[in-house]
Each structure stands twice: as structure tokens, then as C-alpha cells.
Amino acid sequence: MADKKNILITGGAGFIGSHVVRLFLNKYPNYNIINLDKLTYAGNLMNLKDVENASNYTFEKGDIVDTNYILSLFEKYDFDGVIHLAAETHVDRSITDPLGFVKTNVLGTFNLLNAARIHWKNTEGKLFYHVSTDEVYGALKLNEDTLFTEETPYDPRSPYSAAKASSDHFVRAYWHTYDLPVVLSNCSNNYGSYQFPEKLIPLFINNIKNNKPLPVYGDGLYTRDWLWVVDHARAIDVVYHNGKQGETYNIGGHNEWKNIDLIYLLCDIMDEKLGREVGSARKLITFVKDRPGHDRRYAIDASKIEKDLDWKPSTTFEVGLARTVDWYLENLEWLDNVTSGAYQEYYEKQYTV
Ligand code: NAD
Ligand code: DAU
């Protein structure tokens, strides 16, 4: 372990985190990747089954809210870098359990920052990377062509985005106050493999497969800017390695879709893949009560990361979405495990015997 850099990735058993862990393990054999995850309902070690035996991979089950545990982890590994993704991430859940979001997203981030500040006496070669969301910028108007830039003032509207905004502010405060070397990114909606089927795309894939209703919130005209998760992981790689300290990078796919148009596209792809009659899935669409405080539109101006760090998305939405549908249909065992809760036994079997 001595010559290798120790990189802490938090939330590595989640959707985006598992893609980041996989990419870093494969691309950087000179890093020891330590994946710290509490394994909440959203954390699933089966997401990393293909890489879990890599010699440069270590899993640590733990809670970022536990101050002493986080301090001891920094002592144990003497991390060179931190890529912080662990969070409570589902907006609907933040409406019913706001305190849980404050604990993990605010206090958890604070614990990591503070441990880094205490432990990194010499910050040469160190970096704390905070992965955040475009939701901190609030909501854009439906039929305008305005975009979120890195200068857009913060205006979070859900308990989730308020907690993420607070954590972003703490990260910047540690840069300004303590010279902690930090970098941040704010990304738009991700889609792809290993996403928990509570989020729009995997939920609807699963419901279509099972002929269950597709609950469309409000008028269905809410708009999101979708990015393939693998492209987000690639962006995290370039920000971590080439981003300028103290800076923020917006990440997005220039790929806005009104929910209802995306749902129509998804329904049609699913009918084709499942060999069902054209129009079958659309019949499952059910308009339901709106999400409280539902943000009308998100759209990212990603020109800074494109220009400064030479990153751009590698795939079109149509290709990425079809590939995503294929993945879920080819991984029905994964889908069944996460919907039944069976995946939560995987850790017990693999790590605690
Ligand atoms: P996710 O919900 O799929 O995974 C979150 C992971 O964090 C899980 O593995 C969970 O077990 C872990 N975790 C939760 N609380 C923890 C705690 N207290 N201690 C340790 N681990 C804990 O999330 P995701 O969609 O992969 O998002 C990852 C990060 O990216 C989050 O910070 C999120 O705000 C940000 N983000 C997500 C999106 C998106 O579209 N999903 C877009 C932009 C930014
Ligand atoms: O913008 C980045 C954010 O994207 C991330 O920071 C969040 O962690 C992630 O959850 C996501 O937030 P959204 O609220 O946009 O994602 P969600 O998949 O929950 O919803 C996408 C859109 O679809 C939103 O307008 C609400 C709508 N929706 C969602 C669900 C789950 C429905 O109409 N019906 C549904 O059942």
C-alpha cells in the first residue's frame, strides 16, 4: 500500500458512486480505492460485483454522520484524496424525512471536511472533491432558453437541494477559511445502469415490465437535462485530476426533455424491446398529484468543463436510453433483488462471515 495513493470514495455502493469506483479501479491501478458506504437502501454491493476482488479495492462499511468513525478512518488510511458522493438523494424522500437529509448531506459532509482539515497538516498533493447537483440553483422557467451557469445564485427549493446547497457552502467555506484544497461539480439528472428504481427512468422501466401504472407528477411538462452516468463518471475523473482548486464545474448533457416526452420515448423503446404491441406501455401512463415544490425546469450550461477540461458527453440520449433499457432487461435479477430487498443480505454474506 505504501507507494500507492489512497483515495476515499464515499457512497461508492450507490448509483453514480459505483460507476466512479469501477472507472477509477480500472483506470488507476496505482490508486488504492477505499469505498466508504453505509449501505442504506440505496447502497448495493452487487453494483460492484465485477470489481470487488480487485487488489486495489477496499470496502469500508460506515456512516459519514459518525464523527469519531470518520476521524479514525482518516487516521487508518492517510487519504491523499477524497471524492465525496455519499448522500441521501431522492427528492420525494426528502419531503417526508428532511432531518435524515440534513444529517447525511450536511453533517456528513462537514465531518469529512473537518477530518480532512485536521488530518492534512500538509495539503500538498491533497484534494477534497465534492460531487453535487444542479438542483442547488433552483428552477428555471419552462419556455425560456436560460441555463444554469457556475455563477447562477443558489436558490434551493426542496429539503434535498437545501441540504446539498448547505454542503456546497461548507466546502467553499473550508477552502476560503482553512485553505483546504477543494473542487466541486454540480451535475444534472443522471440515468443508466445500477440506478435504484425509485428514480423516474428505472422506476418506469420496472413498472412497464410488470404492467404497472406509470405515475406522472402534475402536468408532465417538468423538464430535466439528462446525462448518461458513465459520462458523469468520466467528468468526475477529469475534474478530480485537472480541475482547478477552489473552482466549480457544471456538468450536463445539453439534453433537455419534458418528462412526458421522455416517458413516451421510453414507452416506445420498451414496447419494441419486450415485443409488445405499439402503444401498450403508453396506456399505463397515469397523471397523479404533483410533487410539492416541484422544480419546473433544470438545464445546465456545461461550457466551462467542455472548454477548460476538454470533456463532453460521449453518447446521445437515444442511444444511452436504449442501452439503459437493455441493461435493466438483461439484469432482471438485479432489479428483482433491489425491489424485494434481497440485495441487503449480500453484504452480510460477502463481508461478515
Ligand atoms: P444514490 O442514492 O444512488 O447513492 C448514495 C450512496 O450513498 C448509497 O450507496 C448510500 O448507501 C450511501 N450513503 C447514504 N448515506 C450515507 C451515510 N450516512 N454514510 C455513508 N454512506 C451513505 O445516489 P446517486 O444518485 O449515486 O448520487 C451520488 C451523489 O451524486 C450524491 O451526492 C448526489 O447528490 C449527486 N448527484 C446525483 C445526481 C443524480 O441524477 N442521481 C445528479 C447530480 C448529483
Ligand atoms: O438534477 C439532479 C438531480 O436529479 C439529483 O441531484 C437527484 O439526486 C436525482 O434524484 C434527480 O432529481 P429529480 O427529482 O429530478 O429526479 P427524479 O427521477 O425523482 O424525477 C425526475 C422527474 O420526473 C421530476 O420532474 C419528477 C418526475 N417524476 C418522478 C418520479 C419518481 C414523475 O413524474 N413521476 C415519478 O414517479
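Each ligand, and each atom within it, is numbered from 1 in the order the structure gives.
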Legend entry - Sidechain-backbone polar pair: Asp271 side chain, Ala281 backbone, donor-acceptor under 3.5 Å: yes
Legend entry - For atom 19 (O) of ligand 2, the option (of Arg291, His294, Lys199) bearing the nearest heavy atom: Arg291
Inset, instruction - Output the list of atoms in ligand 1 that are nearer than 4.0 Å to some heavy atom of Val131, sorted by atom number. - result: 30 (O), 32 (O)
Inset, instruction - Specify the protein heavy atom at minimum distance from atom 1 (P) of ligand 1: its residue, its atom name, and the distance to 0.1 Å. - result: Thr89 OG1, 3.7 Å
Legend entry - Under 3.5 Å side-chain donor-acceptor pair for Asp92 and Tyr217: yes
Inset, instruction - Please check if atom CD in Glu277 has more than 12 non-hydrogen atoms from other residues, nucleotides or ligands closer than 6.0 Å. - result: no
Legend entry - Nearest neighbour of atom 22 (C) of ligand 2 from the list Thr133, Asp295, Asn259, Leu203, on a heavy-atom basis: Asn259
Legend entry - Aromatic contact, Tyr129 with His241 (centres under 6.0 Å): no
Legend entry - 4.0 Å heavy-atom contact, Ala13 with ligand 1: yes
Legend entry - Under 4.0 Å to a heavy atom of His90 - the qualifying atoms of ligand 2, by number: 19 (O)
Inset, instruction - With heavy atoms of Lys38 as the reference, note each atom of ligand 1 found under 4.0 Å away. - result: 16 (C), 17 (C), 18 (N), 19 (N), 20 (C), 21 (N), 22 (C)
Inset, instruction - Pick whichever of Ile251, Asp37, Thr104 has a heavy atom sitting closest to atom 15 (N) of ligand 1. - result: Thr104
Legend entry - 4.0 Å heavy-atom contact, Lys164 with ligand 2: no
Legend entry - Side-chain donor or acceptor of Lys209 paired with backbone N/O of Leu274 under 3.5 Å: no
Inset, instruction - Below 4.0 angstrom from a heavy atom of Val216, which ligand 2 atoms are there? Numbered from 1 as shown, please. - result: 33 (O)
Inset, instruction - Give me the one residue out of Tyr137, Phe148, Trp226 that meets side-chain contact (heavy atoms from CB on, under 4.5 Å) with Tyr298. - result: Phe148
Legend entry - Heteroatom distance test (Ala86, ligand 1): nitrogen or oxygen, under 3.5 angstrom: no
Legend entry - Nearest neighbour in protein (non-hydrogen) for atom 38 (C) of ligand 1: Ile16 CD1, 3.5 Å
Inset, instruction - Could you tell me whether the side chain of Arg172 and the main chain of Thr248 form a donor-acceptor pair under 3.5 Å? - result: no
Inset, instruction - Could you tell me whether some N/O pair between Asp134 and ligand 2 is separated by less than 3.5 angstrom? - result: yes
Inset, instruction - Could you check atom 34 (N) of ligand 2 against the protein and tell me its nearest heavy-atom contact, residue, atom and distance included? - result: Pro215 O, 2.7 Å
Legend entry - Close-contact set for ligand 2 against Glu198 heavy atoms, below 4.0 Å: 31 (C)
Inset, instruction - Could you say whether the N/O atoms of Tyr222 and ligand 2 ever approach to under 3.5 Å? - result: no
Legend entry - Phe74 atom CZ, over 12 foreign heavy atoms within 6.0 Å: yes
Inset, instruction - Determine, considering heavy atoms only, which of Ala87, Gly62, Gly252 sits nearest to atom 14 (C) of ligand 1. - result: Ala87
Inset, instruction - Tell me which one of Asn44, Asn35, Leu85 gets a heavy atom nearest to atom 28 (C) of ligand 1. - result: Leu85
